Amino acid sequence: MIILTGGAGFIGSATLGKLNEMGHDNILIVDNLGSTEKWKNLVGKKFADYIHKTEFLKRLDNKAYFEDATSVIHFGACSSTTEHDMDYLMQNNFRYSQRLAEWALARDLRFIYASSAATYGDGANAFSDDDVNTPKLKPINRYGYSKHLFDLWILRENIQNRIAGLKFFNVFGPNEYHKGDMRSLIHKAFIQIQETGKIRLFKSHRNDYRDGEQVRDFIYIKDCVNIIDWLLQTPQANGIMNLGTGKARSWNDLAKAIFDAMRVKPNVEYFDMPEILRSAYQYRTEAEISKLQGMGCPVVFQSLEDSVKDYVTKYLMKSEYL
């Protein structure tokens with residue numbers, strides 16, 4: 001049995017779809033559905049059972065449960081980069097992960113978990129996933145710090161060669177519809193264009209970047225789940241590693257790709273970034289992916305333009321899920 005936490009979320013549900021595609025359905029979904037729309041991400045997918053995240057944690061040490069577990073894919077977390085409750089983040093993103101990792105490794109289970117590119121902060125210490133670089137990182141928001149603490153714990157316990165940790169960069173694609181403000185620009189812009197005919201982007205508040213020329217490492221969810229599937233099948237591929245394309249693109253590039261996919265004339269409005277975000281805003285992210293490549297990962301990333309077109313035409317225009 002594969003235990004998939006956060007299995008109804010964006011990356012989790014897309015992973016579930018990929019696992020189904022590969023013939024897996026003995027999967028335990030751990031999540032907190034509440035009154036959200038996440039349940040829609042599970043429709044049409046195959047899994048053995050669902051359990052609330054709190055109840056799951058209570059049952060971990062009871063030998064009557066989860067005896068047939070073979071792997072743990074831990075994507076359950078608070079993923080809001082603007083969350084202010086640090087105690088909540090510590091409990092959900094650090095303590096919960098720590099407990100689950102200890103349980104999985106004590107049973108020699110495959111353990112794959114989600115870290116984040118937010119751990120890199122403003123990028124002053126580069127975007128190298130070399131273990132020597134990790135302790136030097138200084139996240140600039142609470143979410144990034146909570147994820148960073150778990151990465152540091154992995155290194156402190158010297159178990160990085162027994163796990164696969166993924167520092168996700170800017171992931172976009174179907175099944176993110178429930179994420180509110182945490183949705184990708186593609187989804188937000190699709191709606192903006194339909195309603196107003198234009199896309200709104202933050203102005204730059206640094207002299208070395210023109211408006212819209214801030215850059216991100218955008219990665220399509222379909223590429224992500226292919227790598228996750230490869231990691232599940234390749235237990236010797238371990239470590240805390242970046243999951244991005246290795247090629248940064250600007251917000252202006254992304255906007256043009258969206259307009260092109262929708263066959264609409266480009267119309268971008270730049271507006272002032274809220275003061276509260278300016279000190280915690282990343283002007284550049286770009287994954288160094290030599291560690292992943294060095295493990296022999298065979299995935300070839302789709303171009304930004306092809307990925308956006310696929311997302312817009314096959315999913316957003318048809319209100320489809322992955």
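Nothing here was measured: the structure is a model prediction, and the numbers come from that model.
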Taking everything shown except Lys188 itself, do over 12 heavy atoms lie less than 6.0 Å from its NZ? yes
Can you tell if the side chain of Val132 reaches within under 4.5 Å of the side chain of Thr134, non-hydrogen atoms only? no
Taking the six-membered ring where the residue is Trp, are the ring centres of Phe172 and His187 under 6.0 Å apart? no
With a cut-off of 6.0 Å (strictly less than), are more than 12 heavy atoms of other residues, nucleotides or ligands near CZ of Arg263? no
Lys/Arg N to Asp/Glu carboxylate O, Arg183 vs Glu176, below 4.0 Å: no
Once you round to the nearest 0.5 Å, how far does CD1 of Ile258 lie from CG of Leu254? 4.0 Å
For the residue pair Ser97 and Tyr113, establish whether any side-chain heavy-atom pair is separated by less than 4.5 Å. no
My understanding is that only residues two or more places apart in sequence, or in another chain, count here; which of them pass salt bridge (charged side-chain N to carboxylate O under 4.0 Å, His left out) with Lys45? none
Give a yes or no on this: more than 12 heavy atoms of other residues, nucleotides or ligands lie within 6.0 Å of atom CZ of Arg107. yes
What I'd like to find out is whether the side chain of Ile228 reaches to under 4.5 Å of the side chain of Leu232, using heavy atoms alone. no
Could you work out, with salt bridge (charged side-chain N to carboxylate O under 4.0 Å, His left out) as the rule, every residue matching Asp87, not counting sequence neighbours? none
Do the non-hydrogen side-chain atoms of Phe168 and Ser116 ever get within less than 4.5 Å of each other? no
Shortest non-hydrogen contact from Ala101 to Trp153? CB-CZ3, 4.0 Å
Quick check for you: to the nearest 0.5 Å, what is the distance between Asp260 atom CG and Met262 atom CE? 11.5 Å
Is it true that Lys291 and Asp131 have a side-chain N and a carboxylate O under 4.0 angstrom from each other? yes
Looking only at the side chains, is there a donor atom on one of Thr5 and His74 sitting less than 3.5 Å from an acceptor on the other? yes
Would you confirm whether Glu83, through its side chain, and Asp85, through its main-chain N or O, come within 3.5 Å as a donor-acceptor pair? yes
Heavy-atom nearest pair, Phe150 first then Asn93, reads CB-O, 4.2 Å
Test your reading of the model: is there a side-chain donor-acceptor pair from Asp223 to the backbone of Gln302, 3.5 Å cut-off? yes
Working to the nearest 0.5 Å, report the span between CG of Leu166 and CE of Met241. 6.0 Å
4.5 Å side-chain heavy-atom contact, Met1 and Ile27: no
Not counting sequence neighbours, which residues clear side chain to side chain contact (heavy atoms under 4.5 Å, CB included) with Lys138? List them please. none
Shortest non-hydrogen pair, Phe259 vs Gly197, comes out as CE2-O, 4.1 Å
Could you go through Ser13 and Asn175, starting from their C-alpha distance and side-chain angles, then the distance that decides it, and tell me whether this counts as side chain to side chain donor-acceptor pair (under 3.5 Å)? CA-CA 7 Å; Ser13 64; Asn175 296 23; 2.9 Å; yes
Decide yes or no on salt bridge (charged side-chain N to carboxylate O under 4.0 Å, His left out) for Lys309 and Glu305, but give the supporting numbers first. CA-CA 6 Å; Lys309 183 177 181 180; Glu305 288 74 15; over 6 Å; no
Parallel, tilted or perpendicular: which describes the rings of Phe202 and Phe271, with under 30° parallel and over 60° perpendicular? tilted
Taken in chain and number order and not counting sequence neighbours, the residues that satisfy side chain to side chain contact (heavy atoms under 4.5 Å, CB included) with Lys18 are Glu21, Met22, Val225, Asn226, Asp229
Between Lys179 and Ser79, is there a side-chain donor-acceptor contact under 3.5 Å, judged purely by atom types and distance? yes
Can you tell which of Leu105, Asn238, Leu109 makes a side chain to side chain contact (heavy atoms under 4.5 Å, CB included) with Arg162? Leu105
Are side-chain heavy atoms of Thr285 and Asn170 found at a separation under 4.5 Å? yes
I want to check a possible cation-pi pair here: Arg200 against Tyr270, using under 6.0 Å from ring centre and within 45° of the ring axis as the test. no
Is any side-chain heavy atom of Leu60 closer than 4.5 Å to a side-chain heavy atom of Arg99? yes
Contacts of type side chain to side chain contact (heavy atoms under 4.5 Å, CB included), residue Ser250, not counting sequence neighbours: Glu213, Val215, Asn252, Asp253
From Ile3 atom CD1 to Thr70 atom OG1, the distance as rounded to the nearest 0.5 Å: 8.5 Å
Return yes if a side-chain donor-acceptor contact under 3.5 Å exists between Thr245 and Asp217, otherwise no. yes
Do Asp151 and Ser115 get their side chains close enough for a donor-acceptor pair, meaning under 3.5 Å? yes
What is the minimum heavy-atom distance between Ala118 and Pro139, and which atoms define it? O-CB, 3.9 Å
Counting C-beta onward and ignoring hydrogens, is there a side-chain heavy-atom pair between Leu100 and Trp103 closer than 4.5 Å? yes
Using 0.5 Å steps for rounding, measure from the CD1 atom of Ile289 to the CG atom of Leu243. 9.0 Å
Verify whether one side chain among Lys167 and Thr119 offers a donor that lies under 3.5 Å from an acceptor in the other. yes
Asp272/Lys203 under salt bridge (charged side-chain N to carboxylate O under 4.0 Å, His left out): CA gap, chis, key distance, verdict: CA-CA 5 Å; Asp272 287 331; Lys203 289 181 179 178; 3.7 Å; yes
Would you sort out whether Tyr283 and Tyr281 count as a ring-ring contact (aromatic ring centres under 6.0 Å, His included), showing the intermediate values? CA-CA 6 Å; Tyr283 274 75; Tyr281 184 79; 5.0 Å; yes
Closest approach of Pro174 to Tyr311 (non-hydrogen atoms, all atoms of both residues): N-CE1, 3.3 Å
About how many Å separate NE2 of His84 and CZ of Arg142, when rounded to the nearest 0.5 Å? 5.5 Å
Could you tell me if Arg249 sits above the aromatic ring of Phe301, with its cationic atom closer than 6.0 Å to the ring centre and no more than 45 degrees from the axis? no
Using ring centroids (six-membered ring only for Trp), state whether Tyr96 and Phe94 fall under 6.0 Å. no
salt_bridge(Arg59, Glu55) N-O dist < 4.0 Å: yes
Which atom pairs, one a donor and one an acceptor, fall under 3.5 Å between side chains of residues 315-322 and the rest of the protein, sequence neighbours left out?
| unit_1 | atom_1 | unit_2 | atom_2 | d |
| --- | --- | --- | --- | --- |
| Tyr315 | OH | Lys222 | NZ | 3.0 |

Flag for His52-Asp31: side-chain donor and acceptor within less than 3.5 Å: no
Mind running side chain to side chain donor-acceptor pair (under 3.5 Å) on Asn92 and Lys53 for me, showing each step along the way? CA-CA 10 Å; Asn92 279 269; Lys53 66 175 187 178; 2.6 Å; yes
What's the shortest heavy-atom distance between Ala8 and Ile29, and which atoms? N-CG2, 4.2 Å
Looking at the rings of Phe218 and Trp251, which for Trp means the six-membered one, are their centres under 6.0 Å apart? yes
Verify the distance criterion only: is there a donor paired with an acceptor across the side chains of Tyr120 and Glu286 at less than 3.5 Å? no
Given the side-chain rings of Phe66 and Phe56, with only the six-membered ring counted for Trp, is the space between their centroids under 6.0 Å? yes
